[in-house]
**Student:** 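Here it is, the structure, as structure tokens.
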Amino acid sequence: MERTTENKIFGKEKVIILSIDGNEEGEFHDVQKEAYTNLVENMDDVITKVEEAIF
């Protein structure tokens with residue numbers, strides 16, 4: 001599964017590609033679904049933490 005999203009990082013709008021690989025049948029594990037949902041719901045916080053860690 002692949003999805004693009006636009007987010008501001010380092011003061012500029014960027015397109016970010018989110019990609020998750022499933023098994024041979026194209027199914028995803030529950031932990032993958034949960035991690036993806038958590039990332040999408042908390043993207044602003046994640047980006048802020050990434051920016052702070054880099055600086």
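These figures come from a predicted structure and were not determined experimentally.
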**Student:** Restricting to pairs with a member in residues 17-44, which pass ring pair (Phe, Tyr, Trp, His ring centres under 6.0 Å), not counting sequence neighbours?
**Tutor:** none

**Student:** Okay, side chain of Gln32, backbone of Asp21: is any donor-acceptor separation there less than 3.5 Å?
**Tutor:** yes

**Student:** Which side-chain N or O atoms in residues 6-16 pair as donor and acceptor under 3.5 Å with protein atoms at least two apart or in another chain?
**Tutor:**
residue	atom	partner	partner atom	Å
Asn7	OD1	Thr5	OG1	3.2

**Student:** Using salt bridge (charged side-chain N to carboxylate O under 4.0 Å, His left out) as the criterion, list what pairs up with Asp30, not counting sequence neighbours.
**Tutor:** none

**Student:** How about CD on Glu51, more than 12 heavy atoms from neighbouring residues, nucleotides or ligands closer than 6.0 Å, or not?
**Tutor:** yes

**Student:** Just how far is it from atom CZ of Arg3 to atom CD1 of Ile17, taken to the nearest 0.5 Å?
**Tutor:** 12.5 Å

**Student:** Going hydrophobic residue to hydrophobic residue with side-chain gaps under 4.5 angstrom, can you get from Ile54 over to Leu39?
**Tutor:** yes

